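Note sheet for the following structure.
Quick note: residue numbers are just sequence positions, from 1. The model shown is predicted, which means the values in this text are computed figures rather than measured ones.
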Amino acid sequence: GAISLYSDTPRALSANAVEYVQALSSQATIAVTNATRHAEQVERSDLLRRRADQLTQLFELGRMFRSDQSLDENLNSVARAISDSVGFNQVVISILDPVQKVLHHTAAYGFPDSVMRRLGTQASAWEAVEKFFHDDWRTSGTYLVQSAHSGELFTALGLPRGNGNGGKASGSANVHSEHIWSSGNLL
């Protein structure tokens, strides 16, 4: 920042005034630095809290798996846990049949019952979905499909778009980057 002082009189600032303004400038710098550090610390604390919550959810998920439940029931528990822990409004878990080259929607969460029933009986052509797995969209072990293409993916998967959120996570930022979450993106 800058502190600018003006006077109609040349050399109007005394040595004491210059010293005072320099001290004021130093204090302002310290205050801004402290505020920035505090904001960063709060952000780190929030991130750690969210990660601890996610780890707790994963631990709970491990306890929810039951040998007396079917694979579909356990995968539905996984879908619900993903929604609860990460904040996605809708989750679909599909299994690829490599022989028939179709995705079978095995579990889902966040859709109306009628959609859930339809998803259980409908398969999606792998060919229609595979094109969304670009290497440049890959982020770790997942693919981040940008909002410009999310409607196509919803259609390819046979998913409804009626909730108005475009499959986005709640609270998602409206930032546009290939590897940063934006409103309407799909993971």
Any side-chain to backbone donor/acceptor pair from Ser45 onto Gln41? Under 3.5 Å, distance only.
no

Return yes if some donor-acceptor pair links the side-chain N/O of Ser83 with the main-chain N/O of Asn89 below 3.5 Å, else return no.
no

To the closest 0.5 Å, what do you measure between [atom1] ([X]) and [atom2] ([Y])?
{"X": "Leu119", "Y": "Ser114", "atom1": "CG", "atom2": "OG", "value": "9.5 Å"}
{"X": "Gln146", "Y": "Leu153", "atom1": "CD", "atom2": "CG", "value": "12.5 Å"}
{"X": "Asp136", "Y": "Arg138", "atom1": "CG", "atom2": "CZ", "value": "12.0 Å"}
{"X": "Leu24", "Y": "Gln22", "atom1": "CG", "atom2": "CD", "value": "11.0 Å"}

Set of residues satisfying salt bridge (charged side-chain N to carboxylate O under 4.0 Å, His left out) with respect to Arg37, sequence neighbours excluded
none

Closest heavy-atom contact between Ala128 and Ala156?
O-CB, 3.7 Å

Give the minimum heavy-atom separation between Ala17 and Leu13, together with the two atoms involved.
CB-CD2, 3.9 Å

With a sphere of 6.0 Å drawn around CD of Glu40, does it hold more than 12 non-hydrogen atoms of other residues, nucleotides or ligands?
yes

Mark yes when over 12 heavy atoms from residues, nucleotides or ligands other than Glu19 sit less than 6.0 Å from its CD; otherwise mark no.
no

Validation: residues 94-111 side-chain donor-acceptor distances under 3.5 Å, sequence neighbours left out:
| from | atom 1 | to | atom 2 | distance (Å) |
| --- | --- | --- | --- | --- |
| Ser94 | OG | His105 | ND1 | 2.7 |
| Asp97 | OD1 | Val99 | N | 3.0 |
| Asp97 | OD1 | Gln100 | N | 3.2 |
| His105 | NE2 | Ser124 | OG | 2.9 |
| His105 | NE2 | Leu157 | O | 3.0 |
| Thr106 | OG1 | His104 | O | 3.2 |

Taking the inter-plane angle between the rings of His149 and Trp137 on a 0 to 90° scale, is it parallel (under 30°), tilted (30 to 60°) or perpendicular (over 60°)?
tilted

Quick one: list whatever passes side-chain contact (heavy atoms from CB on, under 4.5 Å) with Ala28, sequence neighbours left out.
none

